[in-house]
Structures are given as structure tokens and as C-alpha cells.
Protein chains: 2
Amino acid sequence: MTDNLQIKMDDFLPLRDVVFNTLRQAILTGDLKPGERLMEIHLADKLGVSRTPIREAIRKLELEGLVIMIPRRGAEVAQITEKSMNDVLEVRQSLDALCVELACDRITEEELENLKRACVGFELAVKTKDTKKIAQADVALHDIILKATGNDRLISLVNNLAEQMYRYRFEYIKDATQHDMLVEEHRQIYESIVKKDRDAASKAAWTHIENQKKAIIHQIRLDQENK
Amino acid sequence: MTDNLQIKMDDFLPLRDVVFNTLRQAILTGDLKPGERLMEIHLADKLGVSRTPIREAIRKLELEGLVIMIPRRGAEVAQITEKSMNDVLEVRQSLDALCVELACDRITEEELENLKRACVGFELAVKTKDTKKIAQADVALHDIILKATGNDRLISLVNNLAEQMYRYRFEYIKDATQHDMLVEEHRQIYESIVKKDRDAASKAAWTHIENQKKAIIHQIRLDQENK
DNA sequence: GAAGTGTTTTTTGTATACACGATATATATA
DNA sequence: TATATATATCGTGTATACAAAAAACACTTC
């Protein structure tokens, strides 16, 4: 851990949730590196709380698969391997396809309007070449589709899986050569949903993730070599 | 809570995991009923442990969605609604389809042999009309397919989703009119995997869950009326 | 009798204490 | 020097203590 791991106070959330979010974010952004041990007293001191909320946060991270427990040795940040990321992406591919299929059936006129705006918004964001803006526009677009599925379980699962690739997604979006393709992919997904063409939508979503899969796996291999 | 909620000691697992499994089982089997509050001291006394392991177990149940937290009021068993079960089943449908597709690509000769045996085993179990045996044979069969996907994340997600329907699955299997259909569905899935026909396998798996969906939703509506 | 208010009880949220296992360190012995 | 053994240290696992919020209750007042 390089750093300052600052706790962001929120008077209404219990400490355990604040700690959970803090640690989660630190792991996903790479602030806490794979293999790094999470020592309770150390974290407690750093975050200015007692061990209790730290431990409860770790239990949740454990179930999410972000840390692994070694008996009588405590938690450490889970390793990200090519295999594990591929596993996640395979599942995401399937679930994202389901998302757009359900969206075809259930999206409202209003949501469709929003989706259109989000597509345009993404295109504009791409033109600015501002990575952060692009990422935001991308999330906004995907959130509209997710919401349109009306399936809460699906929403939380997809969000969770998406977060697992947080680190790599950013690298992916930074790569400007992909931008036009992304715009096109989004357009195809949008068009299919407008036409309520489940098959086309499903295929488009699948391809969309397939390309991310390739890029991310590529990135992981690079990381592996530079180690 | 009707009952005796006995803790099953396992000297090697930390208490929090034993408690987690105990509570989880109690919720899934309906021993702890939806809406019921999980009070820490009460559970601690009942299970003969302190509040600490109870709380840590609850944190995991919370993330799994089996309990919901009300701030400063603690945890209660999550309600099972028709909507929530439908959400789960929609996702499962998609993931089960993915499972058989991946199995088509990756299953080994040996696993294929086991799958064949499991199919026959299921058919035999059906003939005995022993619900417990049928359920076991069913799980065994599905486990082989799951394993054959080689995707650990997928395996844990599907297992988790499957457990959410534990209560209803049993009712479903008890219904003898479904038995022949189940055998036939399994046969179709098996045949498709043998032929490495991803499309057919995917469709068969989809139908398999679709039928369960109908049965379970039907059951939930019955439960609703009798309340 | 209803509404509001103060008090008690219950239960969570958080901190801390203690026990024990695991690891590392030092010392002794061959 | 290498190995074995004793000992100290560190960190988790579990229990308990204390504070504060919420709920329940009783009491007063209108």
C-alpha cells in the first residue's frame, strides 16, 4: 500500500460500510495491490476506527471475492489472473446480452429517449478525448440499459462484475484507436433496442464485451511481462 | 423462528463461517421466515457463541441478499416476492444456457462419461419416486455440467442463484407429473453436449429453467393466497 | 380519551480485552 | 556451522464492555 487511504466520512452510514467502500475502492483502483495483506490493527489505526468495523468490512469483501482469507493469517487482496478475468468476462458477456434482450421488451419511451441522448453524449465525449468524460458517458449509457431491464438482481450482478474490471476498463478507454468502434457498437445496440430486435441487440452486446475481453486480456499479458 | 437452530460444530472452520452456514441454511429451508428479525444476542445465546461471529456472519448474508439491514434496527430475513424470484430465474436462465454452451466446448471425455452415468442415475432415481434421491441425482448431474464449464466465477454464481430457490425446488421435484419431462429435458441437454451443439444445448437448458420458472411462480402464487 | 412528553428497556454500533495459534528470533547443543 | 528447542512477538479469533439510538411504556395534561 503506497499511501494515504483516507476515509471519507459519511455520518449516516455505519462505519463498517464506510470502511467497506473505502477498502473496496482501494482494491479496485489498485491502491491495495494483489497479494497485499490486510492487517486489521494496521487498517484500524490508519482509518481511525476500531477493529470491529474493519473485520465486518472484510467479511463482505471476502464474499465478493476481492480478498481471500487464509485461516489464522487473515485477509489478503485476491490475485487477478488472466483466467479469473476471463471467467468474469465470460459471465458478463452472457449477462450483458440478457440485459439488452430484456431492455428490448421492457424499455419505456422515456428511457429510450434518454438512451438516445446518452448515445449522442458518448459520441460528444469521445470527441473531447477526455478519458474521464468518456468513461462517465459510457457508464451513464450502460446504466440506462441496466435500469430498463427492470431486473434488480441482474442490475446488481452486472454492476458487481463491471467493477471487477475497473482497473482495466480505464486502460481500455484510454486507447483512442478503439473510440470509433465503441461509438459504432453503442449505436448498434441502441438501434437494435429501438427496433425491439432481441437477437441483434444480444449479438451487438456480445461483440461489445468480446472486444473489451480481447483488450483487457491483452493488457493483463502486458502487465504480466513487465513484472 | 420455530425451532432449535442447532449449530453444527466443525473444529476447523472459524465460528463465523459455522454461524454463516447455519443461518444461511435456516433461511433457505424456511426455518427462519421472511421478515423475521435476526437479533444478535438472541442468536448468540441460541448458538452458544458471542455476538462477534454472529455479526460477521450477518455481514455476509447481507451481501448475499438473504437478509436486509435496517439501520440501527439490525437484520431481518429478506422477503421473497414473485418479482425477486422471477429476477433470479431470469438470470439463471441466461447463466445456465452459458453453462451448457461452455460445457460443449470444454467437457472432457471422462466428464462426458460421468454425465451419461448421471443421466441414467437420474432416471433410476425418478423411478424410485423418492424425492430426496431425485433431488440428489439432479444436483449431481448439474454439478458435472457446472464443473465442465471450467469457469469458477460462473460456478459460484450459479450455485448461489440455485440456492436461492432451494425452498421451491423441493416442491417442484415432489410434483411427480413433472418427472418424465425432467428426464426428457436432461436427455436433450446431454445429447446436445455430446454433439457439441451449442445452440441446441443452450435452448434445452433455457427450456429446462423456463419450466422450473413456471412451476415456482405458480407455487409462490399458491403460497400468497394461503396467507 | 387523545396527544404529547419523559423515562425505561432493548438492541445495535463501536471499542477493547484476552486467549491462542503462527511465525520469527535467539539460544543451546551436536 | 547446522539443527533443534525455547521464547518472544505479532495478529487473528472470540468475548465482553460501553455508548447511543430506537422502541416501548407510563404518565401527565388538555
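Naming convention: chains lettered A, B, ... in sequence-line order (proteins, then strands); numbering from 1 in each chain. Every value quoted in this text rests on a predicted model; they were computed, and no experiment measured them.
- The interatomic distance linking H42(B) (NE2) with dT12(C) (C1') rounds to 16 Å, in whole Å.
- Within the structure, every pair that satisfies the salt bridge (charged side-chain N to carboxylate O under 4.0 Å, His left out) test and touches residues 93-102 of chain B, not counting sequence neighbours, is listed here: R92(B)-D96(B), E101(B)-R198(B).
- Counting only heavy atoms from C-beta outward, the side chains of K83(B) and D152(A) approach each other to under 4.5 Å.
- Between the CD1 atom of I41(B) and the C1' atom of dA17(D) there is a distance of 12 Å, given to the nearest Å.
- No side-chain heavy atom of L182(A) sits less than 4.5 Å from a side-chain heavy atom of V126(A).
- Classification of E76(A) and R37(A) as a salt-bridged pair fails, no side-chain N sitting under 4.0 Å from a carboxylate O.
- In this structure, I54(B) places its CD1 atom 11 Å from P of dT12(C), rounding to the nearest Å.
- A side-chain donor from one of Q93(B) and E210(B) sits under 3.5 Å from a side-chain acceptor of the other.
- For the pair M39(A) CE and dT9(D) C1', the computed distance is 13 Å after rounding to whole Å.
- Counting heavy atoms from C-beta outward, V158(B) and L98(B) have side chains that stay 4.5 Å or more apart.
- Rounded to an integer number of Å, the gap from CG of L13(B) to P of dG13(D) is 11 Å.
- Nucleotide dT14(D) holds its C1' atom 13 Å from the CD atom of E56(A), rounded to whole Å.
- Between the side chain of E111(A) and the backbone N or O of T108(A), at least one donor-acceptor pair lies under 3.5 Å.
- Rounded to an integer number of Å, the gap from CD of E76(B) to P of dA23(D) is 12 Å.
- Two residues are said to be in side-chain contact when any heavy atoms from C-beta on lie closer than 4.5 Å; T149(A) and I155(A) meet this criterion.
- At the heavy-atom level, L38(A) lies under 4.0 Å from the strands shown only through sugar-phosphate atoms.
- A side-chain N or O of N114(B) and one of R117(B) form a donor-acceptor pair less than 3.5 Å apart.
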Heavy atoms under 4.0 Å is the rule here; annotate nucleotides 15-22 of chain C 5' to 3' with B where the base is hit, S where only the sugar-phosphate is, and - elsewhere.
BBB--BSS
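- E62(A) has its CD atom 13 Å from the C1' atom of dG13(D), to the nearest Å.
- Using a 4.0 Å cut-off, some side-chain N or O of R55(A) falls inside it from OP1 or OP2 of dG13(D).
- Each end of the helix from dG1(C)-dC30(D) to dA30(C)-dT1(D) gets its own axis from five base pairs, and the two axes differ in direction by 10°, given to 10 degrees.
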